[in-house]
Amino acid sequence: MAAPHWTDPGVEEVATGVYRIPLPLPGDGLRAVNVYAVTGEDRPVVIDSGWAIPEAYDLLADGLKRIGTTLAEIERFLVTHLHRDHYGQALRLRAEFGTRVSLGAEEHWSLDTMLKPGRQTAEEQVSHLHALGAHELAEDLARRLGAHPDAEHWEAPDDWLNAGDVIANNGRNLEVVPTPGHTRGHVVFHDTEHQLLFAGDHVLPTITPSIGFEPALAPDPLGAFLHSLAIVRSRPDATLLPAHGAVTDSVHARVDELVEHHRARLDATEAAIRAGADTAAAAATAIPWTRRERRLEELDPFNQFLAISETGAHLELLVAEGRLTKEVRDGVRHYRAAHG
């Protein structure tokens with residue numbers, strides 16, 4: 001019999017009193033997101049919450065029932081970042097049960113943007129794609145979404161989490177560690193005594209986290225991400241409890257792989273500019289994508305958007321490092337080699 005896949009519904013005890021509950025994602029290549037329930041004598045705390053869809057609601061309720069608790073008994077959601085597969089269901093359950101919801105303080109940048117009256121769905125991403133030279137993809141994204149206000153139900157959390165905050169629950173002390181990069185306000189929760197890191201999307205075991213998929217984009221998201229990896233690498237090693245993927249033994253080992261991956265991507269991105277590409281869209285076309293080394297045009301539109309955005313993040317870091325220069329013409333960012 002084949003071993004269970006990490007996306008299969010169910011409950012896995014990953015440490016004493018800590019349970020991984022994978023929840024489905026609608027039409028998403030990732031297929032599932034892990035939420036983690038920390039249980040014991042106190043009411044449970046849950047790290048991340050899933051997408052607010054009926055299937056995720058039912059499977060979370062079923063998973064909690066299997067470990068002897070209920071949705072209504074959750075004391076608090078600790079959310080690693082603002083993306084809807086992590087934050088959305090927490091808001092729904094707060095509306096139903098009054099559950100406390102906590103989020104990294106720097107997520108206020110994107111949340112403030114999303115709460116602006118009359119904001120159009122993903123309007124910032126459309127504008128960003130134009131700046132990256134991906135005009136056709138930007139227009140396609142705008143057509144797909146339509147010119148209408150963002151229909152997602154966004155609200156502020158009950159608490160903003162800051163560096164050094166410690167959440168004590170069920171015999172565990174979960175330290176809040178800001179890890180900007182995937183989003184500006186991403187945080188991880190480190191239980192150093194029991195050597196566990198609830199990593200959200202900051203460190204994933206088999207894929208590289210997307211950089212810059214948020215409304216209020218940081219000036220240098222890749223630089224922030226690599227700095228955050230260094231912070232996590234400087235802390236005691238721990239079991240990696242990721243939001244997407246199976247639990248693995250060493251955070252440090254995976255951080256080292258991610259750093260090497262981005263070093264190679266920075267070199268490839270610089271080489272694309274030196275070979276004649278001058279925008280993020282053009283450079284992304286010249287670089288292979290995924291472990292299968294697919295061409296950009298082979299990806300679906302959403303993953304093309306992620307690829308071009310990530311290329312833009314690499315280009316901005318190359319400018320910050322002095323390896324490239326940037327000039328904005330007619331709203332489009334153009335790059336060239338700084339020397340040689």
Side-chain angles (χ1 to χ4, degrees), residues 80-83 104-114 122 124-134 138 162-163 177-188 199-204 207-234 255-274 277-284 287 289 305-329 331-339:
T80 59
H81 62 292
L82 187 58
H83 288 165
E106 290 301 297
E107 294 291 49
H108 81 86
W109 294 99
S110 285
L111 191 59
D112 289 349
T113 297
M114 293 188 294
E124 300 82 15
Q125 284 87 345
V126 170
S127 177
H128 187 52
L129 280 172
H130 279 297
L132 298 177
N162 294 283
V177 182
T179 50
H182 180 62
T183 66
R184 293 176 75 155
H186 194 292
V187 297
V188 300
D201 283 6
H202 180 57
V203 182
L204 300 174
I207 60 175
T208 56
S210 63
I211 304 298
F213 178 47
E214 56 184 336
L217 188 60
D220 181 15
L222 181 59
F225 177 67
L226 293 174
H227 180 67
S228 297
L229 287 178
I231 289 173
V232 169
R233 186 63 171 81
S234 72
V255 166
D256 291 345
E257 292 173 352
L258 288 169
V259 170
E260 175 58 23
H261 165 80
H262 283 291
R263 184 203 63 77
R265 296 300 283 185
L266 284 164
D267 289 346
T269 304
E270 181 182 8
I273 297 299
R274 290 183 177 274
D278 71 335
T279 66
I287 299 170
W289 294 96
F305 162 64
L306 293 180
I308 294 171
S309 296
E310 181 172 315
T311 303
H314 282 82
L315 289 167
E316 290 300 307
L317 181 54
L318 288 166
V319 170
E321 291 180 344
R323 295 163 65 177
L324 300 179
T325 62
K326 178 178 70 173
E327 179 184 3
V328 179
R329 299 196 302 271
V332 178
R333 303 171 188 173
H334 294 269
Y335 300 87
R336 61 182 177 86
H339 51 76

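All residue numbers in this chain count up from 1 along the given sequence.
Side-chain atoms of T279 and R333, non-hydrogen and from C-beta on, never get closer than 4.5 Å to each other. Side-chain contact check for L258 versus V203: some heavy-atom pair is nearer than 4.5 Å. The side-chain heavy atoms of R323 and L266, taken from C-beta on, include a pair separated by under 4.5 Å. No side-chain heavy atom of T80 sits under 4.5 Å from any side-chain heavy atom of H202.
To the nearest 0.5 Å, the span separating CG on L306 from OG1 on T311 amounts to 10.5 Å. Distance NE2/H262 to CG/L222: 5.5 Å, rounded to 0.5 Å. Taking CG from L226 and CG from L317, the interatomic distance works out to 6.5 Å, rounded to the nearest 0.5 Å. Atom CD of residue E310 and atom CD1 of residue I287 lie 9.0 Å apart, to the nearest 0.5 angstrom. Residue L204 holds its CG atom at 12.0 Å from CD of E257, rounded to the nearest 0.5 Å. Put simply, CD1 on I273 and NE2 on H334 are 10.5 Å apart, with the number rounded to the nearest 0.5 Å.
Here the side chain of S228 pairs a donor or acceptor atom with the backbone of P180 at under 3.5 angstrom. Side chain of S127 to backbone of E124: no donor-acceptor contact under 3.5 angstrom is found. Remark: the backbone N or O of S210 is paired with a side-chain donor or acceptor of H182 at under 3.5 angstrom. A donor-acceptor pair is defined here as one N or O able to donate and one able to accept, closer than 3.5 Å; no such pair exists between the side chain of E214 and the backbone of S110. Although no hydrogens or angles enter the test, the distance criterion places a donor-acceptor pair under 3.5 Å between the side chain of W289 and the main chain of A284. Checked by atom type and distance alone, the side chain of H130 never pairs as donor or acceptor with a backbone atom of G331 at under 3.5 Å.
For H227, the NE2 atom sits in a loose shell: 12 or fewer heavy atoms of surrounding residues, nucleotides or ligands are nearer than 6.0 Å.
The two residues Q125 and P215 come nearest to each other via the heavy atoms NE2-N, 4.0 Å. In terms of heavy atoms, A216 sits closest to T113 at CB-OG1, 3.9 Å. Taking every heavy atom of both residues into account, I211 and A313 meet most closely at CG2-CB, 3.9 Å. Nearest heavy atom pair, residue N162 against residue A105, reads OD1-CB, 3.3 Å. Here the shortest heavy-atom pairing between L111 and L82 reads N-CD2, 3.7 Å.
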Before giving the answer on side-chain contact (heavy atoms from CB on, under 4.5 Å), spell out for L324 and L315 the whole-Å C-alpha distance, their side-chain angles and the decisive distance to 0.1 Å.
CA-CA 8 Å; L324 300 179; L315 289 167; 3.5 Å; yes
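Side-chain N/O atoms of E270 and Y335 include no donor and acceptor closer than 3.5 Å.
For R274 and D267, the salt-bridge test fails: no basic side-chain N is under 4.0 Å from an acidic carboxylate O.
Test E107, H81, E106 against T183 for side chain to side chain donor-acceptor pair (under 3.5 Å) and you get one pass: E107.
Taking the side chain to side chain contact (heavy atoms under 4.5 Å, CB included) definition, one finds that D112 meets it with H108, sequence neighbours left out.
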